[in-house]
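Here is the structure we will look at, set down as C-alpha cells.
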Protein chains: 2
Amino acid sequence: MNHNELQNILQEKKLKITPQRMAVLEAVYSIKHHPTAEQIIDYIHVRYPNIAIGTVYKVLDVFVQKQVIKKVKTEDDVMRYDGNIHHHHHIYCGECNHIEDYHNEELDALLHEYFIKHAIDNFIIEDVKLQINGRFIEQ
Amino acid sequence: MNHNELQNILQEKKLKITPQRMAVLEAVYSIKHHPTAEQIIDYIHVRYPNIAIGTVYKVLDVFVQKQVIKKVKTEDDVMRYDGNIHHHHHIYCGECNHIEDYHNEELDALLHEYFIKHAIDNFIIEDVKLQINGRFIEQ
DNA sequence: CTATATGCAAATCATTTGCAACCAG
DNA sequence: CTGGTTGCAAATGATTTGCATATAG
C-alpha cells in the first residue's frame, strides 16, 4: 500500500489529506494484527514523534465513522482497529492474544441457510459473526 | 432461584458465604439481560445501600475466576456479566443494546462438522461462538 | 483463632473533551 | 478565506489497588 493508494482512500471518503491521517492510515495497514491505539501511536512515533495522542484517537474515530476501518472488541479491555472492513470472522488466540481474520464463503452460505430455516422471533438478523477461539501452535 | 440454591452455588465452589456475595449473585441471576457492574450495584443498593463499589467488582472477579459467571464483551465499552456459564451464542441488538442468549444443538453440530472438514493451519479450535447482530422489532 | 473478605479512598489508565491555533482546499 | 483539524492539557469514567478493619468457618 503506497502513498498514492492511501491518499486515494482518503479522497474517496471526502476526507482532507493531512500528514496525521496518512500516518495513522499507514499504521493500520502496516501493523497486521488488529492494533490497539497504543500500538498505532508507537508505530507512528518512530517517524512522527510529535503527533498528539488525542489526535490519533480523533483520526481513528473519523475513520471508523467513514468506514475506512472498523473497531474490534476483544477479550482484553482495549479497543483494537481493523483495516479490513469487509465481512469476515475472527480467529482469536487466548494465549498470545492475536486476532486473525477468517473468511470462507461455504461457511457463510451454511449460516445463511441455517438462519433462514431458524428465524428468531421479533428479531431481524443483519449480520452473523463467528469468534473462533483457541490456540496457535508451533509447527 | 431462592436463598438456599444461591448458598449451594457458593458452597460448591468453596467460597465463603457473605451477604455481599449473596447479594451480587442474586442480582446477576435476577437481572436478565447481562447486567453491567453498574446495574448490579444499582440493583443491590435498594436492599443493601452500604455495599462498597470496590467490593462488588472484587466479588464479580472472584465469581468469574471460579466460573460462577462469565464476562461478556459488547459493542459499548463496559464489561457485562452473564450468569449462564454454559456454551451459548449471543443475539445482540445494536439499537437497544440488549443481549440475549441463543442456543441450538443443530447449529452447533453444523459448525462442528464444518470445522472438522476445514481445519485451520497451526490452530487448535477450542470453542466457536456466534454473535448474531440485528434489531429487535415491535410486534 | 486466622485466613479471607470488606470498605474506603486514592490511583490507574484508556479514551474523551474543550478550546485556541493551524492549515488544507 | 474558512471550516475542518490538530495539539495540548485537563477531565472522565470504569475498573483496580492498598491497607486497615471486620467476619466466616
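As the structure is a computational prediction, the values presented were derived from the model and not from experiment. Naming convention: chains lettered A, B, ... in sequence-line order (proteins, then strands); numbering from 1 in each chain.
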Could you give the [atom1]-to-[atom2] distance, from [X] to [N], as a whole number of Å?
X	N	atom1	atom2	answer
A:Gln65	D:dG4	CD	C1'	14 Å
A:Leu10	C:dC23	CG	P	18 Å
B:Met79	D:dA14	CE	P	13 Å
B:Ile51	D:dT23	CD1	P	14 Å
B:Lys71	D:dA14	NZ	P	15 Å
A:Asn50	D:dT5	CG	C1'	16 Å
B:Ile53	C:dC8	CD1	C1'	11 Å
B:Lys66	C:dT4	NZ	P	10 Å

Under the ring pair (Phe, Tyr, Trp, His ring centres under 6.0 Å) rule, what do A:His34 and A:His90 come out as? Steps first, then yes or no, please.
-> CA-CA 10 Å; A:His34 306 75; A:His90 281 146; 5.1 Å; yes
Near B:Glu5 CD, under 6.0 Å, is it more than 12 heavy atoms from other residues, nucleotides or ligands?
->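 Yes, the 6.0 Å shell around CD holds more than 12 heavy atoms from other groups.
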Check if the side chain of B:Lys58 and the base of D:dG18 share a donor-acceptor pair of N or O atoms closer than 3.5 Å.
->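 A donor-acceptor contact between them is present.
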C:dA14, D:dT16, C:dC8: which one has an atom nearest the side-chain heavy atoms of A:Glu38?
->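 It is C:dA14.
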Determine, step by step, whether A:Glu106 and B:Tyr114 satisfy the side-chain hydrogen bond (donor to acceptor under 3.5 Å, both in side chains) criterion, reporting the C-alpha distance in whole Å, the side-chain angles of both residues, the deciding distance to 0.1 Å, and the verdict.
-> CA-CA 9 Å; A:Glu106 187 187 330; B:Tyr114 170 86; 5.8 Å; no
So what does A:Val59 hit on the nucleic acid, given a heavy-atom distance under 4.0 Å: a base, only sugar-phosphate, or nothing?
->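 Sugar-phosphate, no base atom in range.
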Applying the side-chain contact (heavy atoms from CB on, under 4.5 Å) test to A:Val28, which of A:Asp82, A:Leu60, A:Asn84 qualifies?
->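 In the set A:Asp82, A:Leu60, A:Asn84, the residue that makes a side-chain contact (heavy atoms from CB on, under 4.5 Å) with A:Val28 is A:Leu60.
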Single-linkage hydrophobic cluster B:Ile69~B:Met1, side-chain heavy atoms < 4.5 angstrom =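 Yes, B:Ile69 connects to B:Met1 through the hydrophobic network.
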Same cluster (ILVMFWY, side-chain, under 4.5 Å), B:Val24 and B:Val68 |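 They do share one cluster, since a chain of ILVMFWY contacts under 4.5 Å joins B:Val24 to B:Val68.
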Measuring from B:Lys129:NZ to A:Tyr92:OH, what's the distance to the nearest 0.5 Å?
->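 Spacing of NZ (B:Lys129) from OH (A:Tyr92) equals 11.0 Å.
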Respond yes when some side-chain nitrogen or oxygen of A:Tyr57 is under 4.0 Å from OP1 or OP2 of C:dT16, and no when none is.
->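 Looking at the OP1 and OP2 atoms of C:dT16, neither is under 4.0 Å from any side-chain N or O of A:Tyr57.
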Close approaches to DNA chain D from residues 11-23 of chain A, in residue order (heavy atom, under 4.0 Å) =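 Nucleic-acid contacts, sorted: A:Lys16, A:Thr18, A:Gln20, A:Arg21.
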A:Gly54 or B:Asp61, whichever maps to the more 5' nucleotide of DNA chain D =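 Comparing both residues, the 5'-ward one is A:Gly54.
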Please tell me which of A:Thr55 and B:Tyr81 maps to the more 5' nucleotide of DNA chain D, matching each residue to the nucleotide holding its nearest heavy atom.
->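 Going by which nucleotide is closer to the 5' end, it is A:Thr55.
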